[in-house]
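First the structure, in the form of structure tokens, and then the observations on it.
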Amino acid sequence: MYSYLLFIVVLVGPVFLAVGIVVAWKRWNARSGKRSPLNQKRIHLPGEQLRIRIDDLNEDVGGHLITLIMVGPYSLLVVLYLKIKAIQLSITTTDIFVAVLAMLIIAFAISALIKSMKLRILAREGLAAELITAQNLLPLMGSGCLVFNDVPAKSEGPNGKPFNIDHVVIGPNAVFMVETKSHKKPGKLDESWKAFYDGKSLKFPDYRDTSMLEQAKRQTKWLSDYLFSATGEAVKIVSVVALPGWFIENSNANAYAEIIVSNCKNPKFMLSDKYGPSLDAAKKQRIAHAIILRYPDLDV
């Protein structure tokens, strides 16, 4: 009887534990009351259905690989159980060592699973926000702007870390570095849809933030230095922090601040002539070529 229960625990225990953790995490996350600020319809980008299909196929491939990996150990467990079920089992030092090791591995796996689930949620929220911002920037192309998304970059130094610039817009009078941020709206606070910007920090209903502005400054400096080295010309770069779905208090006045904060639902401010003299077509082309060089070669 005890050997049978042990077999069941070893065989299906980790699976039920993983399912339980995922369900509990989803329920806990739902109880926070926080909700996405995004309320726009998202127009499909080129290849959207193919991307979804590829993601589904990736899940299928992963499931088949797990099956191949697990069929051997599980089959061995069944064979061993059939051979030892009639034998009187006794606990040895080796058994205790293996049990402790298994518990440590399970604890590590649980911690890694929870961390990965948190990162996946943040990544999905960030992706949704970037897609909405990219969609809002598309009409600018009808006014002669050039729009680039997810521009690869790398910090300075031999051990520089790669990062990306969410959007770069080459406007009529300046280049705009747009960093999109996603922040959920709290559920039960007053004016939970409004963010205040004083030129130095962003005040959300539940906390105050400066890291978004500091990141925008760093990325603007990188883009300015890169375009100067690539084109040999100084290029006017305007920093923009995009918060899709939020209402930005005093956003019109902030157009004159060092960093513009906007939901970018109406990005026509990028067409203004107050950012400096017009960029001629040749200079725009040189800037665009320098940005295109940052993208990797197509690999299919």
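Bear in mind the structure is a predicted one, so any value in this text is a computation, not a measurement. Residues take their numbers from the sequence shown, with the count starting at 1.
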Requested in this report: Report the distance from atom CE of M270 to atom CD1 of I170, rounding to the nearest 0.5 Å.
Outcome: 12.5 Å
Query raised in the report: Donor-acceptor pair, W222 side chain versus A153 backbone, under 3.5 Å?
Result: no
Requested in this report: Check the pair L122 / K118 against side chain to side chain contact (heavy atoms under 4.5 Å, CB included), numbers first and verdict last.
Outcome: CA-CA 6 Å; L122 292 175; K118 290 180 179 179; 5.5 Å; no
Query - Linked, directly or transitively: L138 and L140 (ILVMFWY side chains, under 4.5 Å) - result: yes
Query - Minimum-distance pair of heavy atoms, taken over all atoms of G276 and N173 - result: O-ND2, 2.7 Å
Query raised in the report: Does a salt bridge link D280 with K284, judged by any charged N lying under 4.0 Å from a carboxylate O?
Result: no
Report task. Please step through side chain to side chain contact (heavy atoms under 4.5 Å, CB included) for the pair Q219 and E179, ending with a clear verdict. Result -> CA-CA 9 Å; Q219 296 189 171; E179 175 65 21; 2.9 Å; yes
Query raised in the report: Do the side chains of E249 and V261 get nearer than 4.5 Å, heavy atoms only?
Result: no
Query raised in the report: Can you tell me if S224 uses its side chain to pair, donor with acceptor, with the backbone of T220 under 3.5 Å?
Result: no
Query raised in the report: Are any of the side-chain heavy atoms of L271 and C145 separated by less than 4.5 Å?
Result: yes
Query raised in the report: Does a side chain donor of either N164 or D150 reach within less than 3.5 Å of an acceptor in the other side chain?
Result: yes
Query - Side-chain (Y197) to main-chain (I260) donor-acceptor, under 3.5 angstrom - result: no
Query raised in the report: Has the side chain of D225 got a donor or acceptor atom that lies under 3.5 Å from a matching backbone atom of F228?
Result: no
Query raised in the report: Rounded to the nearest 0.5 Å, how far apart are CD of E130 and CD of Q135?
Result: 14.0 Å
Query - K185 side-chain N/O to G245 backbone N/O, donor-acceptor pair under 3.5 Å - result: yes
Query raised in the report: How far apart are the closest heavy atoms of L137 and P267, and which atoms are they?
Result: CD2-CB, 3.9 Å
Query - Side-chain touch N263/P244, heavy atoms, less than 4.5 angstrom - result: no
Show which side-chain atoms of residues 102-114 pair as donor or acceptor with protein atoms under 3.5 Å away, not counting sequence neighbours.
none

Query - Approximate separation, where rounding is to 0.5 Å, of S182 OG and W246 CH2 - result: 9.5 Å
Query - Rounded distance (nearest 0.5 Å) linking atom CD of E214 with atom NZ of K217 - result: 7.0 Å
Report task. Take the angle between the ring planes of F204 and H183 and call it parallel below 30°, perpendicular above 60°, tilted in between. Result -> tilted
Query - For T231, all residues meeting side-chain hydrogen bond (donor to acceptor under 3.5 Å, both in side chains), sequence neighbours excluded - result: none
Query raised in the report: Is there a path from I287 to Y226 through hydrophobic residues (I, L, V, M, F, W, Y) whose side chains come within less than 4.5 Å of each other?
Result: yes
Can you give me every donor-acceptor pair (side chain of residues 289-296, partner residue at least two apart or in another chain, under 3.5 Å) with its distance?
residue	atom	partner	partner atom	Å
R294	NE	P152	O	3.1
Y295	OH	N149	N	3.4
Y295	OH	N149	O	2.7

Query - Least distance between heavy atoms, D209 atom then S211 atom - result: OD1-OG, 2.8 Å
**Report entry** Minimum heavy-atom distance L279-G171, with the two atoms named
**Finding:** CD1-O, 3.6 Å
Requested in this report: Starting at OG1 of T210, measure out to NZ of K203 and round the result to the nearest 0.5 Å.
Outcome: 14.5 Å
Query - is_close_aromatic(F176, Y275), centroid dist under 6.0 Å - result: yes
Query raised in the report: Does the gap between the ring centers of F148 and H167 come in under 6.0 Å?
Result: no
Query raised in the report: Given the rule that I, L, V, M, F, W and Y join up when any side-chain heavy atoms are under 4.5 Å apart, are F163 and V168 in one cluster?
Result: yes
Query raised in the report: Which atom pair, heavy atoms only, marks the closest approach of G160 to K154?
Result: O-CE, 3.1 Å
Query raised in the report: Are I259 and M177 in one and the same hydrophobic cluster, where Ile, Leu, Val, Met, Phe, Trp and Tyr link if side-chain heavy atoms are under 4.5 Å apart?
Result: no
Query raised in the report: Hey, mind stepping through V169 and V175 against side chain to side chain contact (heavy atoms under 4.5 Å, CB included) and telling me if it holds?
Result: CA-CA 6 Å; V169 179; V175 174; over 6 Å; no
Query raised in the report: According to a 4.5 Å side-chain heavy-atom criterion applied to Ile, Leu, Val, Met, Phe, Trp and Tyr, with indirect links allowed, do I165 and V178 form part of one hydrophobic cluster?
Result: no
Query raised in the report: Is a side-chain N or O of S272 found less than 3.5 angstrom from the main chain of F269, in a donor-acceptor match?
Result: no
Query raised in the report: Given side chains that start at C-beta, do those of M212 and L202 come closer than 4.5 Å, heavy atoms only?
Result: yes
Requested in this report: Dump the intermediate steps for side chain to side chain contact (heavy atoms under 4.5 Å, CB included) on D273 and S278, then the final yes or no.
Outcome: CA-CA 7 Å; D273 60 2; S278 298; over 6 Å; no
Query raised in the report: How about K283: does its NZ atom have over 12 heavy atoms from other parts shown lying under 6.0 Å from it?
Result: yes
Report summary line: The reported gap from CG in L243 to OG in S262 (rounded to nearest 0.5 angstrom) is 8.5 Å
